[in-house]
Structure formats: structure tokens, C-alpha cells
2 protein chains.
Amino acid sequence: MVTIADVARHAGVSSSTVSYVLSGKRAISEETRRRVQSSVQELGYHPNAGARALAARRSHIIALMVPLRTDVYVPVMMEIAIAVTMAARQHGYDVLLITNDEGPDGVRRIGASGLADGVILMDVELDDERIPVLQSNGTQAALIGLPDDPAGLSCVDHDFAAAGALCADHLADLGHREVAFIGYGTGVYTRHAGYAERTLTGFGERAAQRGLRFVHRPCDGTYESTAGTFARILADRPDTTGFVVQNEGAIGPLLTLLRSSGRTVPEDASVIALCQAQLAEQFAPRLTSVTGSAEELGRVAVEQIMRRVTAAGNRQRPVDETVLLTPALTVRDSTGPAPRPGSQP
Amino acid sequence: MVTIADVARHAGVSSSTVSYVLSGKRAISEETRRRVQSSVQELGYHPNAGARALAARRSHIIALMVPLRTDVYVPVMMEIAIAVTMAARQHGYDVLLITNDEGPDGVRRIGASGLADGVILMDVELDDERIPVLQSNGTQAALIGLPDDPAGLSCVDHDFAAAGALCADHLADLGHREVAFIGYGTGVYTRHAGYAERTLTGFGERAAQRGLRFVHRPCDGTYESTAGTFARILADRPDTTGFVVQNEGAIGPLLTLLRSSGRTVPEDASVIALCQAQLAEQFAPRLTSVTGSAEELGRVAVEQIMRRVTAAGNRQRPVDETVLLTPALTVRDSTGPAPRPGSQP
DNA sequence: TTGTAGGCGTTATCAC
DNA sequence: GTGATAACGCCTACAA
């Protein structure tokens, strides 16, 4: 292993000089800077992470706590994890992966051991039990998702209410009058995940404003569940012409069911998916979708936590902020003008 | 922050005693062990990770390098990552997430800084450029995937050849004579990913033995691509009655295309998917599938690297091993006896 | 069975 | 602009 002392000797300077060249924390003559840097290159020196963390009281690691549940659409989770990792690297940080099954103890362990300088929590519930731990042990955190009370915290999430409103507006603009909202399984609602309610509320309020009649039906994303949901919607509201789907798993089944019920999309029925663009484009017809950027979610969370870590390092009080990312509606081939009443099957 | 000295004082012992109680590396009287442990609890002591890594020359972290490419089915990647994380925790290890865009330099950085004690590499190519780095800088590694030359390495992967053979056998057993293999996009083959070729070879050899005629067609998993592939298959081999799909994205489109071409599954055409069980069960009809355990893949990789790290710590030569996990065929509702010749549309 | 003390490789304070 | 040097918190021979 090559140490800072090796580099110092090789460059003919003291080890503190090497340290300062690397950290840039004090002025160094151009001459020595070059000598040191070429020694670093030549010897392939990388500072020992443990020693650095010990001396500087900063590990240059942030922890990312991911949910184990799979009712969250997995590719989005992964996209966030990767965005977090790459954004962290830009700040000279690495990312430690923690699973949610460790729960509050995991947060405690990471904070107390100094393994990470901060934690990013995904899949935050409204009254998340990890939050009190953060506060009691002074761990810096950024939450992806909105808790009930974001006081003292930095949070970032999609603006799900705006997403719901976009769906209602688009369908209303196209002249639809009866629409159905196919949501997540009931578990997601009873769990107080927040995003499901917020989408629904945003949709419902805008629908009311625009004079749209709508029903909300939970659906757990299997074919059977979707078939049941679909049948009940048509039974209750046979004149439904617009569908908003939030559960990624229900999209394929819904399209199949529409087709086999004799409805053509978008002539007889319009479909909007609340999902990432890549998925929306994979279906036939390509789906009009309302999408937020998972990548940006991760990036913002990293920036939030970096600011907090820096502040805490300077013994300042970190500033709390809540950021809601505005989603976008992309019109593709699955939405069109409402059919004339009585013209659908 | 609570240190080992605080615990020692609180328990009325020396700090080395506390250390030994925690590591279990020497005999301790039942009496003191209890006192120390209750002090640890009471004070909420967690050893400082940096100090521990520095003194013991072991970070208790393993790095997991994940691909950025999305032609690997993302949920499987995530399942592996989570399995790795949970298995590592069982050994007292945490997992650092590294993205493949760091390439060989990432491996060098992790090894040289002592940030991690070992690395698990996912999405290994046949002549992966990260492998020479491992050897030159003595970093312990476990590979998920098989390189050309596994000498000096520990590797684990699914037995894709066996998976291919299972598909051929099942279709042959059902009396099919003309089958099509819908693979990944051409990029996956030219990239030398290994698993695609191995599946195809295993399938092809068994098909030949069983007197099955088959065509292989690459497909990148979009609807359009699948439609094109499907059309060409039917044009070239109109009597095709069996389909094997390896590309997860092509499954939905294929089922839609079969249906709209007037074929009922499984009466007119049988479909086998090479994908995880959860996905196979999501379609209608539920798909017969050949599946390997992603969770086991991750677990085995962790065990391999733990053995290597331990060996290296004791200055022994780590033992190399290559493990191939046997996949299983699960018969569901998408495969059935071949239709009588001439009876399909 | 337990204690003492040296060292792990960096950072950062103090001195020049 | 540069060098010594004292922490940082833990582990592990070496002693007792």
C-alpha cells in the first residue's frame, strides 16, 4: 500500500504539504504542486479512506436506504439509486446501500458509527418511524417523499397533485365527461404512502373544477385484479371514456381488456399513464403519460444532503427545504377527443 | 460521540477488554462480558467505522459495481443488489454502490483507498477490462457472470445453457417440431455478454438432439421490433408452433401479436419465457417459464467474496471457484401439446 | 482473565 | 509557502 509518506518522500516534501496539495486548503507554489501531483500519479496514490475519515471526521460516504417492497415500481427505484450514486461522485462522495429492513436501527447504526455523513431515505411514509431517530442522533438526512411534518428536514418529491391535475385537464380538454382513475392496490393507501393520495386528490379537485365525473378504483396490478377493476368500472359507469392509470402493472392488462371489449384506443377510449416515459413508449399505441424525472429526484436529494453536511461541518444549522418537482404531460397516441355519446360499444 | 473509552470507563474495565468483548477474539468472564454489553447498550455505542478500518486494515465494506445499461432487465439487477446487501449484513458487512461508468478506474480507486475489502462485479463481459485491474492491484473480487478466462477468479452465474436446453426439451416433449427463439437485441450479442450466447447454444444443441427445427431472431424488446421479428418468423416458417422469448420487453408484444394473428395460447402456439417467475405470472395466460434465482446469485457472490477476504486476511491464497446455478422450468398456462399440422390459422 | 501501549494513515494546528 | 507534530478511535501484540 502506498501512503502519503511515500508520496512526500518521492516528491521531496513533507506529508502535510501533500495533504494540502490534495485538499487545496492552503496556497502551494506551482512548482511543488506539480512535483507532488506527478508523484501521486506515478505511485498511484489514493488516500486511505479509513484514516481520512478518522482524522477529518468525515467519511465522504452517504447512505441510501432503499425499500424492499416491490409495489414501488422497481426500475424507478433503480434509476434514483443510480442518479444518487453518480451525483454523489461529483461531490467526491460514495454511496452505501442500506435496505429498509434495518429500519430505524439502521439509521442509528450508520449515524453513530460515522460510516456515513448523511442518509437519503427513500419511500418515506407520512409518519415514518425513522424520522425521530434522525433528529435524536443528529444525523443529516434528505428524504425522497413527503412526511406529514417536514419541519427540520430536507425533502424532495414529485408534485403528485400537479400530476393528477394534468391528467384531469388533458381529459377535460379533449371533451371527456366520465373518467376512471385506476390506482394502486389498497395496501398502498392504507400504508399512508402519501404519493397515492396526493395524486388522487390533485386529480379529483381538478376533475371537479372541470366538471368531470370520475370514479377511483384501487388495483394491485395483476391481470386478474385489473380485469375485475375494469369490469366494475364498466358496470358502474358504462359511459366512461377516459382512463388514468397509476399502477404500472395494470397498464398492459388494461390495454388488453379495452381491446377485447371492442374499444379502440384512442378512438373509443383515452388512456393516460402516470409512469416513466420509457415505459409509456413501450406499449402499442404509445401512451400519453405524465412523468416526473427520477434522475432529478436523486440529484436534488444529493444536493440537499451535501448542503446539510457542509453546514453541519461548519457548525451551522443546516437549512431545511422542501422541493416539489413539476411533472410533465407528454401527449402520445393513446388519448384523443371523446367519442360522441352513444358511439362506443 | 461515544467512544470505546467511554464504554470502558462506564463498565469499569480497560478499553481493550471492551474491544475483545465485541470482537470475541479472546475469552472473557461471563461477569465482565455482561457488564460491558450492558454499558454498550446503555450508551448506544457503535465502533467508529473509520478508526476500526484503520486499525484493523479492514473496512467491512464490499463494493458492488452495477451496470448502467438498461438492456439488462432492471428488476433483476435490483433483486441482486438487495440480495447482496442483505447477505453482506449477515456477515457484518455493508455494501457500497459503484456504477460501471467509473470503469476500471473505479475498481482501482476502491482497492487502493481501502474503501472496500472486495468488489462484486455485475454484468461481466467475456473479456472484461476490469479483470486485469483486479489482478494487478490484488483486489479481491467475485464476478456475477462468466468471463472468457475465470482463472484466478471467483464467479457465479446462472447455467444459461441448461436453461436453453430446458426450453428445447419442454417443447419437444409437447410434440412441437418448429420453434422460434426470440433473443435479445443484436447489441447484446456483439457485446459478448456471454449469457445470450450460452442460452442460445444450450437451446440449439438440445433442439438438434431432439429433432427440433428452430430459428433464432434477435429482438430489442420494443413493440415495433417484436412485430417485425414476429412477421419474419411467420413468413420464413409458417408452421412455427413454439416460441421461446429471452427478452423481457418482447413478451407482452409477442402475446398481443399472437392473439391478433388469430392464434390462441396455448392451443395454437406455445410460449416459454426466460424470465423471473413474478413477471411470468403477470401475463394472461400465465407463462411457462425457465427461471434462475437472482437472490441466490447475490448470496453466492457474497459468500465467495467473504471467503476470499478472510483468506487474504490470513495471508492464504484465496480459492477460485466457478458456480453455475441450475435454473428450473415451471409449467404454467402458456404451453401445451403441439396442434395437429394444418390446424393453425 | 485482564491491562498497557504502540501504531494504523490522515488532517489540521502551530510554528517558522 | 512549508514542516513538525498532536490528535482521531480502535485493534492487537505483549505483559502481567
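Chain identifiers are assigned alphabetically (A, B, ...) following the order of the sequence lines, protein sequences preceding nucleic acid strands; residue numbering begins at 1 within each chain.
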Note: Glu303(B)-Arg307(B) ion pair, threshold 4.0 Å (strictly below): no

Separation of dC11(D) C1' from Lys25(B) NZ (nearest whole Å): 8 Å

Protein-nucleotide distance (Asp6(B), atom CG; dG9(D), atom P), rounded to Å: 9 Å

Under the rule for side-chain contact (heavy atoms from CB on, under 4.5 Å), what residues qualify as partners of [X], not counting sequence neighbours?
X         : result
Thr310(A) : Asn314(A)
Ser14(A)  : Ser16(A), Thr17(A)
Arg58(B)  : His60(B), Tyr93(B), Asp117(B), Val309(B)

Rounded to the nearest 0.5 Å, what's the gap from [atom1] on [X] to [atom2] on [Y]? Could you check?
X         : Y         : atom1 : atom2 : result
Asp123(A) : Ile144(A) : CG    : CD1   : 10.5 Å
Leu115(A) : Ser59(B)  : CG    : OG    : 9.0 Å
Ile120(B) : Gln304(B) : CD1   : CD    : 8.5 Å

Show me the protein contacts with nucleotides 2-6 of chain D, counting only N or O atoms at under 3.5 Å.
from	atom 1	to	atom 2	distance (Å)
dT2(D)	OP1	Ser29(A)	OG	3.0
dT2(D)	OP1	Thr32(A)	OG1	3.1
dT2(D)	OP2	Ser29(A)	N	3.0
dT2(D)	OP2	Thr32(A)	OG1	3.1
dT2(D)	O4	Arg26(A)	NH1	2.9
dG3(D)	OP2	Ser14(A)	N	3.0
dG3(D)	OP2	Ser14(A)	OG	3.3
dG3(D)	OP2	Thr17(A)	OG1	2.6
dG3(D)	N7	Ser16(A)	OG	3.4
dG3(D)	N7	Arg26(A)	NH2	3.0
dG3(D)	O6	Arg26(A)	NH1	2.8
dG3(D)	O6	Arg26(A)	NH2	3.3
dA4(D)	N6	Ser16(A)	OG	3.3

Selection: residues 106-113 of chain B, any non-hydrogen atom under 4.0 Å of DNA chain D: none

Interface residues of residues 49-63 of chain A with DNA chain D (non-hydrogen, below 4.0 angstrom): Leu54(A), Ala55(A), Arg57(A)

Listed partners of Glu129(B) passing salt bridge (Lys or Arg N to Asp or Glu O under 4.0 Å), at least two apart: none

Partners meeting salt bridge (Lys or Arg N to Asp or Glu O under 4.0 Å) with Arg57(A) (sequence neighbours left out): none

Of all pairs that satisfy salt bridge (charged side-chain N to carboxylate O under 4.0 Å, His left out), the ones with a partner from residues 146-157 of chain B, not counting sequence neighbours: Asp157(B)-Arg198(B)

Boundaries of the DNA chain C segment in contact with chain B, non-hydrogen, under 4.0 Å: dT1(C) to dG9(C)

For Ala294(B) against His158(B), the heavy-atom pair lying closest together: N-CE1, 4.3 Å

Global bending angle along the helix from dT1(C)-dA16(D) to dC16(C)-dG1(D), which compares the axes of five pairs at either end, to 10 degrees: 30°

Val66(A) and Asn100(A), any side-chain heavy atoms less than 4.5 Å apart: no

Under 3.5 Å: donor-acceptor pair, side chain of Asp320(B), backbone of Gly152(B): yes

Any pair counted as side-chain hydrogen bond (donor to acceptor under 3.5 Å, both in side chains), so long as it reaches residues 46-56 of chain A, sequence neighbours left out: none

Side chain to side chain contact (heavy atoms under 4.5 Å, CB included) evaluation trace for Met65(A) with Glu102(A): CA-CA 9 Å; Met65(A) 198 165 201; Glu102(A) 286 201 59; 4.3 Å; yes

Touch class at under 4.0 angstrom, heavy-atom based, for Ser19(B) against every strand present: base

